[in-house]
Amino acid sequence: MAIDTIIIFRELSAAILIYLLTHFFIRFLIPFAKPSHPGQLPPGPRGWPIIGALPQLGTMPHVALANMARKYGPIMYLKLGSSGMVVASNPEAARAFLKTLDANFSNRPIDAGPTYLAYNAQDLAFSDYGPKWKLLRKLCNLHMLGAKALEDWAHVRTVEVGHMLQAMCECSSGSKGYNKPVVVPEMLTYAIANMIGRVILSRRAFNIVTSKLDSSSSSSSILESASEFHHMVVELMTMAGLFNIGDFIPSIAWMDLQGIRRGMKIIQKKFDELLMRMITEHTESAHERRGNPDFLDILMAANRENSGESQLSIINIKALLLDLFTAGTDTSSSIIEWALTEMLNNPRILNRAQEEMDQVIGRNRRLEESDIPKLPYLKAICKETFRKHPSTPLNLPRVSSEACQVDGFYVPKNTRLIVNIWAIGRDPNVWENPLDFTPERFLSGKYANIDPRGNNFELIPFGAGRRICAGARMGIGMVEYILGTLVHSFDWKLPDGVVAVDMEESFGIALQKAVPLSASVTPRLLPSAYTA
Ligand code: HEM
């Protein structure tokens with residue numbers, strides 16, 4: 001009896017030990033092991049102990065995730081550190097999350113990016129779907145981004161495109177004709193940031209000169225260098241897109257292993273100084289706008305005069321301005337840059353676009369916004385660029401508020417959602433020869449009338465659902481107008497000695513060209529067409 005008891009005790013101890021070891025192993029050493037859920041998680045890579053699949057994302061996560069989707073399917077689940085991430089990689093999967101489950105995925109994860117770059121998510125892009133978000137979005141629609149507001153400030157876009165054309169003509173009139181190439185993204189930032197600045201602040205905020213202050217220029221400008229501002233925006237957008245280890249393994253966030261938090265704080269400080277300067281100068285000149293308030297006047301009134309949920313703090317205002325200046329410039333500018341790059345590598349497309357414009361507009365004046373509906377080939381080039389080079393390749397992340405089911409799979413609460421817009425645009429099951437740049441695919445057939453504004457999930461460069469891009473209308477309008485003007489106004493040529501433009505991408509929240517496009521331009525219209 002005593003011997004039996006000893007044996008049972010020994011076996012019980014061994015069983016408990018094995019149970020504890022197994023439990024420890026599963027719980028702490030293999031985070032990719034799937035805990036028991038009320039349903040099956042979507043398939044995905046196994047990943048590594050502790051860090052999960054983080055190393056598999058590499059430096060080009062949109063490409064790595066597209067490759068993984070080929071193996072695991074259009075809905076994947078990845079364990080990243082202690083967090084879960086679900087990835088949608090084809091139109092049906094995107095529709096399931098951004099339409100059917102839109103309400104459940106209407107918030108964004110609040111990690112280092114929104115914390116350090118967006119004033120603790122006090123902005124429009126990262127605040128929770130709630131009263132403050134609704135107020136910010138309503139004010140933007142009403143005064144800046146909606147159809148009526150866009151109509152009201154059409155003249156600002158015309159004048160700013162004129163300033164950009166003049167600056168480009170100056171580059172082209174070097175003594176040796178083509179010898180002074182234009183750095184395209186800097187010119188684009190100059191034009192777009194000034195358009196946004198004039199609507200918000202009633203004044204031009206950026207100058208084409210590279211020195212910080214240009215004493216020779218008019219006093220009605222804050223005169224940040226457009227080139228310097230462009231580099232600040234690219235830095236912010238790149239950092240905001242990085243997968244920060246500390247976001248996925250919070251216990252080691254303090255170590256800031258990749259230096260991302262430190263970098264974010266430095267760039268945020270630079271932007272904060274610029275925004276404070278804008279707000280201070282704007283407040284000092286308030287008397288000049290009495291009876292004719294601009295967007296910042298309206299925001300400041302919501303700070304002074306409102307209370308409760310309809311009040312905006314100064315932090316909300318700075319965070320919103322930061323959203324508008326960064327999300328507004330970098331995205332549209334990268335689409336235009338990629339479109340010109342594709343055309344420089346495919347002169348047939350450039351020539352066809354110019355022929356269309358010469359027929360509709362002629363060569364005596366430059367393109368006006370009212371010409372655009374008569375330029376189907378230009379519109380097709382824009383859609384083809386949205387497809388092949390979406391400026392926000394992985395959308396902005398969302399997060400599930402509750403556990404849910406999708407396509408028979410279980411998705412837990414607090415799962416991060418990534419929609420791989422880049423992979424959807426290159427899906428061979430949707431697009432014929434997806435790696436070719438063929439605007440003609442949008443001129444006739446199945447996709448002739450496709451709308452890129454979140455209704456057709458084959459083409460969703462602006463995302464979809466209730467968190468769809470707040471500036472989609474303005475983005476499409478600016479891309480069509482500025483790209484059309486550049487193509488119509490100039491002949492384009494690669495700098496001497498360059499045979500083809502390189503197509504390498506650099507990953508961030510916005511997808512940049514790794515090497516900024518530089519090209520030589522020659523005016524092709526009457527000189528009077530290039531005035532501001
Ligand atoms: C070609 C140009 C643009 C592209 C491709 C683009 C793309 C996007 C995408 C993919 C999102 C995330 C949508 C989602 O979660 O489903 C977004 C959000 C946003 N975009 Fe844009 N964008 C562009 C232009 C602009 C412009 C011009 C502005 C404003 C001046 C702007 C302001 C915003 C804001 C504020 C959000 C956050 C919306 C929210 O969370 O409610 N964007 N954009």
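Computed over heavy atoms, backbone and side chain alike; hydrogens, waters and symmetry mates excluded. Position 1 is the first residue of the sequence; numbering continues from there. Everything numeric here is computed off the predicted structure, so don't read it as measured data.
- Between the side chains of S333 and D330, no donor-acceptor pair of N or O atoms lies under 3.5 Å.
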task = Begin with the C-alpha distance, continue with both residues' side-chain angles, and end with the deciding distance and a verdict on salt bridge (Lys or Arg N to Asp or Glu O under 4.0 Å) for K180 and E170.
result = CA-CA 9 Å; K180 204 172 167 202; E170 276 166 33; over 6 Å; no
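- Looking only at distances, a side-chain donor or acceptor of E384 sits under 3.5 Å from a matching main-chain atom of T438.
- The backbone N or O of F437 sits nowhere less than 3.5 Å from a side-chain atom of R387 that would complete a donor-acceptor pair.
- Q354 contributes a side-chain N or O that, together with a main-chain N or O of V487, makes up a donor-acceptor pair within less than 3.5 Å.
- Looking at H389 and E342, their side chains do bring a donor and an acceptor atom within 3.5 Å of each other.
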request  = Please lay out, stage by stage, how V184 and S518 fare under the test side-chain contact (heavy atoms from CB on, under 4.5 Å).
outcome  = CA-CA 6 Å; V184 174; S518 209; over 6 Å; no
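- Of all non-hydrogen atoms in A69 and S89, the two that sit nearest each other are CB-OG, 3.5 Å.
- The backbone N or O of A529 lies less than 3.5 Å from no partner atom in the side chain of R365, so there is not a single donor-acceptor pair.
- Going from atom CG of L242 over to atom CD1 of I260 covers 4.5 Å, rounded to the nearest 0.5 Å.
- No side-chain donor-acceptor contact under 3.5 Å links S332 to the backbone of T329.
- The two residues P393 and F507 make their nearest non-hydrogen contact at CG-CE1, 3.8 Å.
- Panel note: side chain D123, backbone F126; a donor-acceptor pair is recorded below 3.5 Å.
- For the pair F97 and D102, the minimum side-chain heavy-atom distance is 4.5 Å or more.
- Annotation for L511 and S334: closest pair O-OG, 3.5 Å, computed over non-hydrogen atoms.
- Using a distance-only test at 3.5 Å, with no hydrogens or angles considered, no donor-acceptor pair links the side chain of S310 to the main chain of N306.
- Atom OG1 of T189 and atom CE of M164 lie 11.0 Å apart (nearest 0.5 Å).
- Residue V521 comes nearest to M168 through the heavy atom pair CG2-O, 4.0 Å, listed as atom of the first residue, atom of the second, then distance.
- With sequence neighbours left out, the side chain to side chain donor-acceptor pair (under 3.5 Å) criterion links E273 to K269.
- In this structure the side chain of K99 reaches within 4.5 angstrom of the side chain of F457, judged on heavy atoms.
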Going by atom type alone, with no hydrogens or angles, which donor-acceptor pairs under 3.5 Å involve a side-chain atom of residues 419-430 and a protein atom two or more places apart or on another chain?
residue : atom : partner : partner atom : Å
N420    : OD1  : W422    : N            : 3.4
N420    : OD1  : A423    : N            : 3.0
N420    : ND2  : H62     : O            : 3.1
W422    : NE1  : E505    : OE2          : 3.1
R426    : NE   : K388    : O            : 3.3
R426    : NH2  : K388    : O            : 2.9
D427    : OD1  : N429    : N            : 2.8

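- Taking CG of D491 as the reference point, atom NZ of K493 lies at 11.0 Å (rounded to 0.5 Å).
- Contact check for H143 versus L299: no side-chain heavy atoms found under the 4.5 Å cut-off.
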CA sep, side-chain torsions, deciding dist, call: F490, Y530, side-chain contact (heavy atoms from CB on, under 4.5 Å) = CA-CA 11 Å; F490 297 109; Y530 297 88; 3.9 Å; yes
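- With sequence neighbours excluded, the residues forming a side-chain contact (heavy atoms from CB on, under 4.5 Å) with R352 are Y377, E440, L443, listed by chain and number.
- If you check the side chains of R204 and Y190, you find a donor sitting under 3.5 Å from an acceptor.
- With hydrogens and angles disregarded, a donor-acceptor distance shorter than 3.5 Å links the side chain of E337 to the backbone of L517.
- In this structure, CG in L236 is found 8.0 Å from CE in M264, a value given to the nearest 0.5 Å.
- Judged as a side chain to side chain donor-acceptor pair (under 3.5 Å), and not counting sequence neighbours, E235 has no contacts.
- Residues passing the side chain to side chain donor-acceptor pair (under 3.5 Å) test with D297 are R289, sequence neighbours excluded.
- Here D371 contributes atom CG and L378 contributes atom CG; the two are 10.0 Å apart, rounded to the nearest 0.5 Å.
- Rounding to the nearest 0.5 Å gives a distance of 7.5 Å between CD1 of I192 and OG1 of T331.
- Across L396 and A125, no two heavy atoms sit closer than the pair CD1-CB, 4.5 Å.
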query = So D294 and V199, side-chain contact (heavy atoms from CB on, under 4.5 Å) or not? Walk me through it.
reply = CA-CA 7 Å; D294 58 26; V199 176; over 6 Å; no
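- Enclosure of atom CG in D451 by more than 12 non-hydrogen atoms of other residues, nucleotides or ligands within 6.0 angstrom is indicated.
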ask   = side-chain contact (heavy atoms from CB on, under 4.5 Å) between R398 and I418: does it pass, once the steps are laid out?
value = CA-CA 7 Å; R398 312 274 192 97; I418 291 291; over 6 Å; no
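- When ring centroids are compared, F271 and F325 stay outside the 6.0 Å threshold.
- For K446, the side chain to side chain donor-acceptor pair (under 3.5 Å) test picks out no residue, with sequence neighbours left out.
- In this structure, R467 forms no cation-pi arrangement with Y129, as its terminal cationic atom is not both closer than 6.0 Å to the ring centre and no more than 45° off the ring axis.
- Contact check on D502 versus K513 returns a salt bridge, with a Lys/Arg side-chain nitrogen under 4.0 Å from an Asp/Glu carboxylate oxygen.
- Side-chain contact between I372 and L367 is present, with at least one heavy-atom pair separated by less than 4.5 Å.
- R441 and E432 are not joined by a salt bridge, as no carboxylate oxygen comes within less than 4.0 angstrom of a charged side-chain nitrogen.
- The side-chain contact (heavy atoms from CB on, under 4.5 Å) test with N395 singles out one residue from I460, I468, L98, and that residue is L98.
- With hydrogens and angles ignored, the 3.5 Å screen pairs no side-chain donor or acceptor of W431 with any backbone N or O of D436.
- Side-chain contact between L188 and H230 is absent, with no heavy-atom pair separated by less than 4.5 Å.
- Side-chain atoms of L296 and M278, non-hydrogen and from C-beta on, never get closer than 4.5 Å to each other.
- No hydrogens or angles considered: nothing links the side chains of E458 and N456 as a donor-acceptor pair under 3.5 Å.
- With hydrogens and angles ignored, the 3.5 Å screen pairs no side-chain donor or acceptor of N364 with any backbone N or O of L526.
- Of all heavy-atom pairs between C171 and M187, the closest is SG-CE, 4.1 Å.
- Annotation: side chain of Q122 is not in contact with side chain of K132 (no heavy-atom distance under 4.5 Å).
- Residues L312 and L139 form a side-chain contact, since some pair of their non-hydrogen atoms from C-beta on lies under 4.5 Å apart.
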message = What verdict does the side chain to side chain donor-acceptor pair (under 3.5 Å) test give for D272 and Y119, after you've listed the backbone C-alpha separation in whole Å, the side-chain angles of each residue and the deciding distance to 0.1 Å?
response = CA-CA 10 Å; D272 190 64; Y119 297 89; 2.6 Å; yes
